[in-house]
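Just so it is clear, the structure is predicted and the values come from calculations on it, not from any experiment. For the single chain, residues carry numbers from 1 onward in sequence order.
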Amino acid sequence: MKRFRFLATLMLCISSTFGTEVVLNNQQPKAHALIQPGGPVIGLSPTCTNSSLQGAFEIQGGGYLNKTQPYALNALDTFDSFGKVTGTVLVKSVAGTITINIATKGTYHVKTDCSFTASFIRADGTSANYSGVVLDNGSKFGLTQTDPGAIVNLKGERNLVKP
């Protein structure tokens, strides 16, 4: 009996570590969800929609444009919960050339799995397309630029400071 109890305990420890289930005596497993910090719930259907992104977000990040030009960006954008976004690139650096206060507008679409796409057009004539994920119940997101030659990652966090 001790050997069985030891093996059963070992199986439960291993299964909880790897997020798997152990079914004893042909019992049906109960529904449950695995929650990953900062991400969607795995095992249950996420409930993300365009309204998951609503309000003002501070966005910052960088990488490379055309695979060689260092790039950095800080922006403040407002998502309207209906798929439109407006804002300002506060500062942008491309290979050391600094540009400030660039008006921005665009669109976004959030899928039920909390992934989303966004397209921005800036007043300086540049544009950018992204794929990302909504995090922490819509208080944060991560974006990766999808335009050819771009190696850019951005993060956004809800701006709690009211103007």
Side-chain angles (χ1 to χ4, degrees), residues 16-21 30-163:
S16 64
T17 301
F18 294 104
T20 58
E21 297 176 347
K30 296 183 178 173
H32 67 280
L34 174 62
I35 300 173
Q36 291 187 344
V41 177
I42 298 172
L44 296 178
S45 297
T47 57
C48 288
T49 65
N50 279 349
S51 64
S52 298
L53 289 178
Q54 181 176 6
F57 286 81
E58 299 167 355
I59 301 170
Q60 102 181 105
Y64 292 90
L65 297 179
N66 301 317
K67 298 181 184 176
T68 60
Q69 296 177 306
Y71 176 81
L73 174 133
N74 282 289
L76 184 59
D77 288 339
T78 301
F79 292 77
D80 71 355
S81 79
F82 297 106
K84 296 202 180 197
V85 59
T86 58
T88 303
V89 173
L90 302 172
V91 62
K92 176 176 83 167
S93 173
V94 178
T97 301
I98 307 296
T99 311
I100 61 171
N101 297 324
I102 308 162
T104 301
K105 64 181 178 177
T107 59
Y108 67 97
H109 175 73
V110 179
K111 298 177 185 175
T112 57
D113 67 357
C114 297
S115 65
F116 75 104
T117 56
S119 295
F120 295 90
I121 299 172
R122 300 184 188 112
D124 67 356
T126 61
S127 63
N129 299 290
Y130 296 92
S131 288
V133 63
V134 176
L135 304 167
D136 291 342
N137 296 317
S139 66
K140 297 178 183 180
F141 60 80
L143 291 172
T144 298
Q145 191 167 350
T146 58
D147 297 313
I151 307 167
V152 175
N153 286 304
L154 303 174
K155 65 178 181 174
E157 188 168 338
R158 184 163 287 134
N159 181 358
L160 300 177
V161 178
K162 296 186 180 185

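Shown here are the side-chain contact (heavy atoms from CB on, under 4.5 Å) partners of V94, two or more places apart in sequence or in another chain: L65, Q69, Y71, K92. Residues satisfying the side-chain hydrogen bond (donor to acceptor under 3.5 Å, both in side chains) criterion with R122, sequence neighbours excluded, are T126. A search for side-chain hydrogen bond (donor to acceptor under 3.5 Å, both in side chains) contacts involving S127 returns nothing, not counting sequence neighbours. With sequence neighbours excluded, the residues forming a side-chain contact (heavy atoms from CB on, under 4.5 Å) with A103 are A123, listed by chain and number. K155 is linked by a side-chain contact (heavy atoms from CB on, under 4.5 Å) to Q60, counting only residues two or more places apart in sequence or in another chain. Remark: S51 pairs with T49 by the side-chain hydrogen bond (donor to acceptor under 3.5 Å, both in side chains) rule, at least two apart or across chains. When the side-chain contact (heavy atoms from CB on, under 4.5 Å) test is applied to T107, the partners found at least two apart in sequence or on another chain are S119.
Rounding to the nearest 0.5 Å gives a distance of 9.0 Å between CZ of F120 and CG of L73. Separation of atoms SG (C48) and CG (L135) is listed at 9.0 Å; rounding is to 0.5 Å. Rounding to the nearest 0.5 angstrom, the gap separating the CG atom in L53 from the OG1 atom in T78 is 11.5 Å. Within the model, atoms CG of N74 and CD1 of I100 stand 12.5 Å from one another, a figure rounded to the nearest 0.5 Å.
Among pairs with a residue in residues 86-111, those fulfilling ring-ring contact (aromatic ring centres under 6.0 Å, His included) read F79-Y108, at least two apart in sequence or across chains. Evaluation of the salt bridge (Lys or Arg N to Asp or Glu O under 4.0 Å) test over residues 95-112, restricted to residues two or more places apart or in two chains, returns none. For the salt bridge (Lys or Arg N to Asp or Glu O under 4.0 Å) condition, no pair includes a residue of residues 59-88, sequence neighbours left out.
The minimum heavy-atom distance linking A56 with L76 is given by the pair CB-CD1, 4.5 Å. The two residues V134 and F116 make their nearest non-hydrogen contact at CG2-CD2, 3.8 Å.
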List the atom pairs, donor and acceptor, that lie under 3.5 Å between side-chain atoms in residues 139-150 and the rest of the protein, sequence neighbours left out.
unit_1	atom_1	unit_2	atom_2	d
S139	OG	D136	O	2.9
T144	OG1	N153	OD1	2.6
Q145	NE2	D147	OD2	2.9
T146	OG1	N129	O	3.2
D147	OD1	N129	ND2	2.8
D147	OD2	N129	N	3.0

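Environment of CD1 in I151: crowded, with over 12 heavy atoms of neighbouring residues, nucleotides or ligands closer than 6.0 Å. Shown here is N137, whose CG atom has no more than 12 heavy atoms of other residues, nucleotides or ligands within 6.0 Å.
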Discussion item. I'd like to know whether S131 forms a side chain to side chain contact (heavy atoms under 4.5 Å, CB included) with T117, so could you lay out the CA-CA distance, the side-chain angles of the two residues, the decisive distance to 0.1 Å, and finally the verdict.
Written reply: CA-CA 4 Å; S131 288; T117 56; 4.0 Å; yes

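Contact annotation: the side chain of L90 approaches that of N101 to within less than 4.5 Å [non-hydrogen atoms, C-beta and beyond].
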